[in-house]
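Numbered from 1 within each chain, the chains take letters A, B, ... in sequence-line order.
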Amino acid sequence: MKKKFLPKQIEKKWQKEWESKNIYSAKDFSKKKKYYTLVEFPYPSGDGLHTGHVRGYTAMDIIARKRRMEGYNVLYPIGWDAFGLPTENYAIQKGIHPSVVTKKNTDTFRRQLKALGFSFDWKREVNTTDPEYYKWTQWIFLQLYTHGLAYKKKMYINWCPKDKIGLANEEVVDGACERCGTKVEQKEKEQWLLRITAYADKLLAGLDTVDYIEAAKTQQKNWIGRSEGALVKFPIVTAQKKPLMDGVEVFTTRVDTIFGCTYLVVNPEHPILATHRAYIQNWDEIEAYSIQAKKKSELQRIDTSKEKTGVLIQGIHAHNLANKKEIPIFVSDYVLATYGTGAIMAVPAHDERDFQFAKKFNLPIVSVVSKDAQSRLDKEEMYTGEGFIINSGTFTGMTSKHAKSAIAKFVHGKSQTQYHLRDWVFSRQHYWGEPIPLVFCNACAERIQKGTHTENEFSKGELLNPGWIALSHKDVPVTLPRVRKYEPTHTGESPLAGIKKWVHTTCPKCGAPAFRETDTMPNWAGSSWYFLRYSDPKNKKACADYKKMKYWMSVDWYNGGMEHTTLHLLYSRFWNIFLHDIGVVPVSEPYKKRTSHGMILGEGGIKMSKSRGNVVNPDSVVQIYGADALRVYEMFMGPFTQSIAWDAGSIAGCSRFLNKVWDISTQKIVSRGTPTDTLLLQLHTTIKKVSEDIETMSFNTAISSLMIFINTCYGLDQIPQKVWEQFLRILAPFAPFITEELWSQLGHTKSIHTEPWPSFEKKYLQSTVTSLVCQVNGKKRAVIEIPTGTEKEAAMKIALQNDSFCKYVQGKEVLRSIFVPDKIINIIVKE
RNA sequence: GCUCGGAUGGCGGAAUGGUAUACGCGCAACACUUAAAAUGUUGUGAUCGCAAGGUCAUGUGGGUUCGAGUCCCACUCCGAGCACCA
């Protein structure tokens, strides 16, 4: 009687068995070579696991399982990135404490992940909202603070005037509040920032030492946006030719074009406006423009499609040091306050934005760079490339490259490097995050301001932010107090500000009354170091033991979503490099290799979303087809890096494949028997293909070759057990449950997942016959079977015996022939 | 606008410069069945032909080559990221 394949039964059974035997746990300091595989830990939302999680986790699971079979000591951990807005919003709506919601959600996620058979080491589970975990998140913040890498600054935040709360960028949809649709305004508020810009060069240089997919590297490079140029100071004079102090400093990467600079532009908040107000004749007009510009949100300012606006400053003008000409100064919001010096030299002939502005305000356009040495046309045209310098006095004729340094010297420019990267806004006015472990002490602030403090009394950070005192190692974790309402207050402060008892405390430095910082950390904090914690998740004395980190770090292979390749990757690299610099972490770069999977879209290629009702719940797929079928389907559905639409019908195909595997294993396996050469050839071809494809994440073609092998076996009456067992092993990482069951049915007592990975043998990879394609003038006319390795002349002889080939050659003049051994023969005849 | 990917049957896709369309889905016919589902077998790019066989097809237009989906040039469309960054 044939035993039926019932995925649900065997999956439950093996899940328990694996857990009780701990076959997937990583061993600290094992003599085996370590391999650290990492996936982005999920945010445990109320919706449960998403098909996208399954895609990335299955891929890394396959790699982790293959590495184990190859003899590595593998660490494949998981945890919960559980602080965040959706949980907080749910808590606000239902009045349930976020920690209760989190507990419920992580339980669901854990159950789902276990059901899918991922080989996580469950003993190393971490949770960012656990005080034992966020104690160290706070500790790392204190390290950053005392090293002078955190500072408080007034900033504009998104403010909903109806709800009277500050909004994170993620909560602003098309310039409006996500909840009520009211237009978001800008409100000034003090925020903590982390000085990630101090690490710009290290973050850039580190990229050369790691193996990330190209897209991730370029995205990081663009985000950091390093550009080298020169600072040039333009003197300014009043209408009465009275020179003014300071001048206006500009940053330019194209100092070679300075002879073509016909005006300057400063941003609406530029200090020269206020400083030289007395000389500015049209002050009212300029003030009105500045106020209007300030009102525009960041989003509106960024809209490049709109026409440029600006106002000419009357009463003062600048001198172009290069050609000694007098040039006007404008105020315009197309110049950003936050980049460079907040002022630019405009060269309309060689910069698109300057060109647009000059056209609109009818300003002179002087061409000073020509594309090539021959055509030195002085047309009123825009050209942003490099070339040969023209109309530039003694520099005329030089290449742009040479002129850069020569002209910089001539106008007393200082070389300067600028970055697009901005400091990391680190405070949030929300409840469900890590409290920032600082207190404000007036007494200490006064002593610092008066300079009456002793030399080593305060850290760098405390001197930088007078009065803000770091809590000591012993005072963390600062745990989240219970509050009645989780909504941010109407003043825009965090709900923690409402708990007087918690806010009022004493200064750890001097004992004077002090109050706590009530802002919390952003989502990114907990995930910026979790990979370190996995190496030693229970440590109470440090974020992780140095020796354990030395054994496990760096992460050998990190896979995650493309949406995290800029921020999360950059932030976590920043923290790791910093912790390495202060001697806490043994390696500088946290991840050796980074890959990304494509998104899974709903059927028809539209995004999966609750409102569209096209979200696929992995549970329901497991219910019908089993976990193995879901895993195989998600790996087979298409190229791993590409986004792809869900197709419910195709899962059936994968399920059929596993059914065939079951049927063969339960009906056709013979313990004794010699495999045919053809079967061995097929087996070893499959082993080779699957081994290679896993490494390049070409899971879809790996599965297709497994299917081809199964189709062959299905046509045979008997398969020798030895051959079959090799096949089961290479299928095991993809479908861990069914392979484990069939393996035990074949009489094995140990898990298939601890078996060695099969290696292919070259001697089986060669077939004795090959098909040779016969072409005439590059067109296929016949395919013949020849012994492998047949030489040209012999092959030609056999080919010409073939009628359908011969008739195209007969009676024609043969010009030449091309022969590629075992592949092709191509005869060129005169037509 | 810039950067990085893509474009191949009815659909998802495969293809170190060497048999384009592997593998899967779908569809059709047949077998099993009282019937259906499930399963199995066979077929399945378009077109001409009774057939043998031929011709045309990898977004568009050129080029290199004995030979191009693959390499080079130009263009069109789609997706992702960045975006007034001087």
Side-chain angles (χ1 to χ4, degrees), chain A residues 213-223 225-227 229-230 250-255 257 261 265 267 301-306 308 332-336 338-347 350-354 356-357 384 418-422 562-563 565-566 596 598-599 601 604-605 632-633 636-639 641-654 656-657 659-660 663 698 700-711 714-715 771-783 804 807 815-820 822-829:
Chain A
I213 44 164
E214 245 354 90
K217 277 196 189 183
T218 38
Q219 272 187 37
Q220 295 231 335
K221 274 182 199 158
N222 290 343
W223 193 263
R226 180 189 158 105
S227 55
V250 304
F251 173 71
T252 176
T253 55
R254 294 298 303 273
V255 70
T257 63
C261 165
V265 190
N267 78 79
R301 272 184 81 152
I302 276 165
D303 184 9
T304 53
S305 59
K306 73 171 169 53
K308 301 243 175 314
S332 173
D333 63 3
Y334 87 87
V335 173
L336 303 176
T338 46
Y339 185 79
T341 60
I344 59 149
M345 62 172 220
V347 186
H350 304 290
D351 180 281
E352 204 179 323
R353 295 145 305 175
D354 298 343
Q356 282 173 21
F357 192 87
T384 56
Q418 286 284 338
Y419 303 91
H420 293 180
L421 184 69
R422 306 210 192 147
M562 211 54 209
E563 68 275 19
T565 45
T566 35
S596 269
M599 240 200 315
L601 305 167
V632 170
Y633 168 64
F636 182 63
M637 64 196 302
T641 52
Q642 223 166 275
S643 53
I644 196 147
W646 188 263
D647 178 16
S650 291
I651 307 171
C654 296
R656 261 171 232 159
F657 162 67
N659 271 313
K660 282 186 190 174
D663 289 347
S698 312
N700 54 334
T701 51
I703 290 169
S704 118
S705 65
L706 290 167
M707 285 172 167
I708 293 171
F709 185 77
I710 279 305
N711 290 343
Y714 212 73
S771 35
L772 186 80
V773 176
C774 305
Q775 297 184 331
V776 179
N777 288 351
K779 279 197 173 158
K780 181 178 83 176
R781 295 302 180 188
V783 182
S804 54
K807 70 179 180 193
L815 298 174
R816 55 187 284 215
S817 60
I818 286 108
F819 177 73
V820 182
D822 297 334
K823 280 207 175 132
I824 208 157
I825 187 162
N826 187 8
I827 296 179
I828 315 301
V829 297

### Query
Of the nucleotides B/C84, B/A86, B/C25, which has the atom closest to the A/T253 side chain?
B/A86
### Task
Give a yes or no on whether the backbone of A/A346 and the side-chain of A/D351 come within a donor-acceptor separation of less than 3.5 Å.
no
#### Entry: Assigned partner base of B/U44, Watson-Crick or wobble definition, under 3.5 Å
B/G26
### B/C78 to B/C30 separation - C1' atoms, rounded to the nearest Å
42 Å
### CD-CE distance between A/Q642 and A/M637, expressed to the nearest 0.5 angstrom
11.0 Å
### Query
With both distances under 3.5 Å as the test, what is the Watson-Crick or G-U wobble partner of B/U19?
none
### Query
Just wondering, do A/K660 and A/N711 contact through their side chains at under 4.5 Å, heavy atoms?
yes
### Task
Just call it for A/R781: base, sugar-phosphate, or nothing, with non-hydrogen atoms closer than 4.0 Å on any strand.
sugar-phosphate
### Query
What is the distance, rounded to the nearest whole Å, between atom CG of A/L421 and atom P of B/C82?
14 Å
### Message
Check the orientation of A/F357 and A/Y334. Use parallel for under 30°, tilted for 30 to 60°, and perpendicular for over 60°.
### Response
tilted
### Message
Between B/C66 and B/G6, how many Å separate the two P atoms, rounded to a whole number?
### Response
29 Å
## Note on the structure
For A/H350 and A/T384, the nearest pair of non-hydrogen atoms, with its separation, is O-CG2, 3.6 Å
### Query
Could you state the CZ-C1' distance from A/F709 to B/G24, rounded to the nearest angstrom?
19 Å
#### Entry: Earlier contact from the 5' end, RNA chain B, for A/Q775 and A/G649
A/Q775
### Query
What distance, rounded to whole Å, do you find between the two P atoms, one in B/G17 and one in B/A28?
40 Å
### Task
Check whether any side-chain heavy atom of A/R422 sits under 4.5 Å from a side-chain heavy atom of A/Y339, and report yes or no.
no
### Message
Taking CD in A/E352 as the centre, count heavy atoms belonging to other residues, nucleotides or ligands within less than 6.0 Å. Is the count above 12?
### Response
no
### Euclidean distance, atom CG of residue A/L601 to atom P of B/A80 [Å, nearest integer]
9 Å
### Query
Using the purine O4'-C1'-N9-C4 or pyrimidine O4'-C1'-N1-C2 torsion, is B/G43 syn (within 90° of 0) or anti?
anti
### Task
Return the value, rounded to whole Å, for the distance between atom CG of A/D333 and atom P of B/A86.
18 Å
### Summary
Applying the 3.5 Å cut-off to both distances, the Watson-Crick or G-U partner of B/C82 turns out to be B/G1
### Task
Nearest whole angstrom, please: distance from the P of B/U3 to the CD1 of A/I213.
19 Å
### Summary
Among B/A22, B/A86, B/C66, the one nearest any side-chain atom of A/I818 is B/C66
### Query
Can a donor-acceptor pair under 3.5 Å be found between the side-chain atoms of A/T218 and the base atoms of B/U3?
no
### Message
One character per nucleotide, please: for nucleotides 38-48 of chain B, 5' to 3', B when the base has a protein heavy atom closer than 4.0 Å, S when only the sugar-phosphate does, - otherwise.
### Response
-SS--------
### Task
State the pairing partner of B/C32; accept Watson-Crick or G-U wobble contacts with both distances under 3.5 Å, and report none otherwise.
none
#### Entry: Protein proximity profile, nucleotides 9-15 of chain B - base contact B, sugar-phosphate-only contact S, no contact -, cut-off 4.0 Å on heavy atoms
---BSS-
#### Entry: Base-pairing assignment for B/C77 (Watson-Crick or G-U wobble, both under 3.5 Å)
B/G6
### Query
Roughly how far apart, to the nearest Å, are B/G24 and B/A15 at atom P?
16 Å
### Query
Base, sugar-phosphate alone, or nothing: which one does A/D351 contact when heavy atoms must sit under 4.0 Å apart?
nothing
### Value in whole Å for how far the C1' atom of B/U19 lies from CG of A/N826
13 Å
### Paired nucleotide for B/G49 [Watson-Crick or G-U wobble; both distances under 3.5 Å]
none
### Query
B/G10 and B/U58: how far apart are their P atoms, nearest whole angstrom?
13 Å
#### Entry: Short side-chain to backbone donor-acceptor contact, A/N267 and A/G342, under 3.5 Å
yes
### Task
Report the distance from atom CE of A/M345 to atom P of B/A86, rounded to the nearest whole Å.
13 Å
### Message
I'd like the C1' distance from B/C27 over to B/C11, given in whole Å.
### Response
11 Å
### Query
Which value, in whole Å, describes the distance between the P atoms of nucleotides B/U39 and B/C48?
35 Å
### Spacing of A/I708 atom CD1 and A/T701 atom OG1 [to the nearest 0.5 Å]
10.0 Å
### Summary
Between A/Q775 and the options A/I828, A/I827, A/I824, the side chain to side chain contact (heavy atoms under 4.5 Å, CB included) test singles out A/I824
### Query
Okay, side chain of A/R781, backbone of A/K807: is any donor-acceptor separation there less than 3.5 Å?
no
### Query
For A/G653, does its backbone N or O pair with a side-chain atom of A/Y633 as donor and acceptor, under 3.5 Å?
no
### Query
Taking only N and O in the side chain of A/K779, is any of them less than 4.0 Å away from OP1 or OP2 of B/C56?
yes
## Note on the structure
Contacts of A/N222 and A/N711 projected onto RNA chain B by closest heavy atom; the upstream (5') one is A/N222
### Message
Students often get this wrong, so: under 4.0 angstrom with heavy atoms, is A/S227 touching a base, only sugar-phosphate, or nothing?
### Response
sugar-phosphate
### Task
Would you mind reading off the distance between A/L706 atom CG and B/A22 atom P, rounded to a whole angstrom?
18 Å
#### Entry: Same-atom distance (P) from B/U44 to B/C23, integer angstrom
12 Å
### Summary
From the candidates B/C82, B/C84, B/C66, the one with an atom nearest any side-chain atom of A/W223 is B/C82
